[in-house]
Amino acid sequence: MNDISGLNFEQQKAVNAGPGSVLVLAGPGSGKTRVLTQRVTYLISEGLSPHRLLAVTFTNRAAKEMRSRIESQIDPKFQVRNVGTFHSLCARLLRQQSENDARSKDFVIYDSADQRALIKQSMHYHNIDDKRYKPHSIHSTISTAKNDLIGVSEFSRDSYYDEIVARVYERYQHLLQQNNALDFDDLLAEAVFLLRDNSAVREHYQNLYQKILVDEFQDTNLAQYTLLRLLSGQYRDLFVVGDPDQSIYRWRGADYRNVRRFQTDYPEAEIIYLRKNYRSTQTILDVATAVIDKNHSGGSVRLFSDIAGGDKINVHEAYDEEEEAQFVVDTIKANSINEKIRPGECAVMYRTNAQSRALEEAFVRAGMPYRLLGATRFYARREIKDLLAYIRLIHNMLDTVSLERIINVPSRGIGSQTYSALLEYCEKLNVNPIRLILKLTDDGSDAEHYKALGARTARPLAAFGLLLRGWLNALEAGESVGSLLDLIIHDTNYEAFIKSGKESSSDRWENVEELRKVFSGFDDRDLGEVLEQISLVADVDSLGVDLDGGGAPALMTLHAAKGLEFPLIFIVGLNDGVLPHRRSFDEPEEMAEERRLLYVGLTRAKELIYLSHTFRRYNFGYGSSGIPSRFLKDLPMELVTGDVSTKNISDPTDWPQTNVVKSQSVSNITRSSVDIQFRSGQRVSHHTFGLGIVIESKFLSGDELVIVAFDDVGIKRLVAGSAQLKLEDVE
DNA sequence: GGTGAGTAGATGTTC
DNA sequence: TCTACTCACC
Ligand SMILES: Nc1ncnc2c1ncn2[C@@H]1O[C@H](COP(=O)(O)OP(=O)(O)OP(=O)(O)O)[C@@H](O)[C@H]1O
């Protein structure tokens, strides 16, 4: 079962290394994840009990894959529980240790929308104007602090802004606790604080986890690193694998310097380098290496592949995003016709989620299925979040954020007046609003609270409480989560509510149906477990293990592509301002991370890479000129084919007033100039548009496409053959 | 209290 | 282009 003969010498050395700490440093596709998985099965085959080890993966998908490998090796009755992401492992630790923590084991995990609501509530409490201070930026300051393990009391109040944040932070934590909730950052930070401050708990886990293994170590943040240090305190047996050149989560507190820190903190650690790449062609590796070398990070080890040569990297310039998307679709089709690469083996990657729109439209137009990862997470959709808020409320009656979300959805006569009156009343009596609502229902209209609030306020609240009571009873009676959901949908007339909504009501109802399907699959699983799982899944986790999801190409951000591999990839939107993103321009560290992002993208490919950029870019619905990404000029010319621009691509170009963008194809495909009728700079006239100047002319799908800046009507794109475009004589 | 129109402001990546 | 919030009116 545990056959390591397929591994190379260095890989085997890593699998069998130890005892003691090990650092595996290696580039993309060198089998780091494979080695880690193999080591887990090796350790178990050597007699280590599966629950004496802890394996941390970057995605739930990777965790699932590893778990199934392990399960195939051991007694099927044994459940593998200690394999997961940092977040899911911390959540479980905190639940197990809930008696040592301020929250009960039913705590809920707040997602970004819940967090935002609570931040706003906290700001409101301190009369902080949410126009002057953006809730988002306050939240991200708090989030950064948590990732650096800075608690409320240690948070600096040196500047005026910090003082504001500190107050919000304090209130925010207070509210989280009151709601019996944790945010994502708390999962890590609270776990660390618990282990740090409670020696009994710490010793328990230190003795339990004899071996700890971590994938994608370069993207750990301080909280995660500290967690590992604490947990490995007893055995000092940490096996970490990573690649500093693939660190792409700096903005989330990740710090690739943890690799160096590890070497300092574990000086005895054995360091193993893997040099052979099993994923990509040598051409791809050479191109990727050329790109990342410009970061001068040093340390990067040259990778070699058995697959010598390989196709050159294609660079394509499209007119705009629509045409770029069409190019993607056409290329996927072309590659599938000659049976070379199936659509399901292709992936399209981009810097920002917003870029998926044009691609989706092109796929829809072509009638081609696709899988979209990211964007709006399924569980973040309005109707889904609403229904989940009902469920969460039943699970954790302290969750006022969920209460506020659905108390009047669908509307049931509880507007902002009624709700504020309720909150005020509860505050005065120091009771929980949800309990009070239930009390109103149970005690009837003659009771004290009912009278104090007044019938106008109390009646709709009591009616809502009646529904709540029914669901609580159902839960008590042991109804499954699936039938609980159905009961809520029924009692609230949710179907009618969705279907009477004006926008996309059928799509929204389909989402609800989808949720019901998911829930019915949960059977008799514990409600808390179900909610936790929902909070912690990422879209990328839905990719099957074989990645070829029913023959549909995958669309995802470069971040989501981490750790995956595809025979053919596209990276679209290689424009300055997009990749690298404009927000990284004046921070060298961030610019370096943009480059790493491209490096991660390039190294996902096994065989073919298509890079594209656009001539026009649209932001906020307004057009601007697209400048090819500065990274493009770092591609080795001899390994690239297609539209390689000769213009100085790092120069911002101010179109159209100052200078005209000149772009000439210096493609390696010899293209007879006879075919092209127009050249950039030429003066032309058109019978309706009038006079103009040619910006660019090139072949696209067999036609000559001419882009002309007309004096009166602006930029138009025309097909030379069909448009009546005439050359004007220039003096 | 509910609803719809109108408008300012935003989009960077994720657990 | 899309969203989230405000405000007027029912
Ligand atoms: N010894 C080997 N023989 C054959 N194939 C291998 C070997 N080692 C790894 N591979 C294959 O190479 C590919 C890359 O492996 P893996 O994903 O483990 O690399 P990685 O170093 O984790 O990559 P990345 O850092 O890019 O995520 C996988 O398809 C894996 O199956």
Side-chain angles (χ1 to χ4, degrees), chain A residues 56-61 63 84-91 109-113 115-117 120 130-131 134-137 140 143 146-147 182-189 216 219-221 223-224 247-254 321 349-358 361 373-377 379-380 382 408-421 456-457 460 500-503 532-541 556-562 573 577-585 587 590 593-594 596-598 600-601 617-623:
Chain A
V56 189
T57 60
F58 199 74
T59 61
N60 290 298
R61 184 183 156 274
T85 62
F86 274 108
H87 286 91
S88 64
L89 293 167
C90 286
I109 299 164
Y110 275 176
D111 71 7
S112 41
Q115 290 168 33
R116 204 178 99 96
K120 283 187 142 186
D130 62 8
K131 294 267 173 348
K134 290 203 213 103
H136 174 80
S137 73
S140 76
S143 171
K146 286 184 181 179
N147 285 324
L182 291 165
D183 68 14
F184 289 125
D185 306 316
D186 284 333
L187 292 175
L188 308 175
E216 305 281 9
D219 268 326
T220 49
N221 61 33
Q224 292 163 335
S247 169
I248 54 175
Y249 283 93
R250 197 182 101 93
W251 49 275
R252 212 171 72 181
E321 285 184 274
M349 302 166 189
Y350 35 81
R351 176 65 235 265
T352 68
N353 282 307
Q355 291 170 263
S356 71
R357 175 171 298 270
E361 283 168 1
L373 310 180
T376 320
R377 288 175 63 240
Y379 293 112
R382 191 162 19 119
N408 204 30
V409 177
S411 28
R412 48 174 76 87
I414 307 173
S416 57
Q417 297 290 315
T418 304
Y419 189 65
S420 326
R456 179 94 188 252
T457 302
S500 65
K502 30 191 279 165
E503 351 110 62
E532 174 174 315
Q533 189 176 326
I534 285 171
S535 304
L536 297 179
V537 289
D539 265 17
V540 67
D541 299 330
M556 68 190 92
T557 61
L558 287 159
H559 282 92
K562 176 165 165 156
V578 181
L579 180 63
H581 198 272
R582 56 176 61 74
R583 296 254 248 248
S584 69
F585 282 179
E587 240 290 0
E590 296 209 358
E593 182 149 309
E594 297 290 304
R596 291 196 291 268
L597 199 48
L598 175 60
V600 168
R617 286 233 69 93
Y618 296 90
N619 327 315
F620 307 111
Y622 274 93

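Letters A, B, ... are given to chains in the order of the sequence lines, protein chains preceding strands, and every chain is numbered from 1.
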*Asks:* Would you tell me if any nitrogen or oxygen in the side chain of Asn353(A) comes within less than 4.0 Å of OP1 or OP2 on dT13(B)?
*Replies:* yes

*Asks:* Would you kindly compare Arg351(A) and Tyr419(A) by the position of their nearest DNA chain B nucleotide and give the one closer to the 5′ end?
*Replies:*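 By nearest-heavy-atom nucleotide position, the 5'-most residue is Tyr419(A).
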
*Asks:* Ignoring the backbone of Arg252(A), work out which of dT6(C), dC15(B), dA4(C) is nearest its side chain.
*Replies:*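 The nucleotide sitting nearest to the side chain is dC15(B).
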
*Asks:* Assign Gln224(A) to base, sugar-phosphate, or nothing according to its heavy-atom contacts below 4.0 angstrom with the strands shown.
*Replies:*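 Touches nothing.
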
*Asks:* So Thr418(A), base contact, sugar-phosphate only, or nothing? Heavy-atom distance under 4.0 Å.
*Replies:*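 Since only primed, P, OP1 and OP2 atoms lie under 4.0 Å of Thr418(A), the category is sugar-phosphate.
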
*Asks:* Nearest to the side chain of Thr557(A), which nucleotide is it out of dT11(B), dG1(B), dT13(B)?
*Replies:*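 Minimum distance to the Thr557(A) side chain belongs to dT13(B).
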
*Asks:* Base, sugar-phosphate, or nothing: which does Phe86(A) touch, judged by heavy atoms less than 4.0 Å apart?
*Replies:* nothing

*Asks:* At 4.0 Å (heavy atoms only), tell me whether Glu593(A) reaches a base, stays on the sugar-phosphate, or touches nothing.
*Replies:*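 Answer is nothing: Glu593(A) stays at 4.0 Å or more from every strand.
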
*Asks:* Categorize Arg116(A) for me: base, sugar-phosphate, or nothing, with a 4.0 angstrom heavy-atom threshold over every strand shown.
*Replies:* sugar-phosphate

*Asks:* Assign Glu594(A) to base, sugar-phosphate, or nothing according to its heavy-atom contacts below 4.0 angstrom with the strands shown.
*Replies:*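 Counting heavy atoms under 4.0 Å across all strands, the contact made by Glu594(A) includes a base.
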
*Asks:* Taking the cut-offs as 6.0 angstrom to the six-membered ring centre and 45 degrees off its axis, would you call Arg252(A) and Tyr249(A) a cation-pi pair?
*Replies:* yes

*Asks:* Measure from the side chain of Lys134(A), starting at C-beta and using heavy atoms only, and say which of dC15(B), dT14(B), dA10(B) lies closest.
*Replies:*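 Of the options given, the side chain of Lys134(A) lies nearest dA10(B).
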
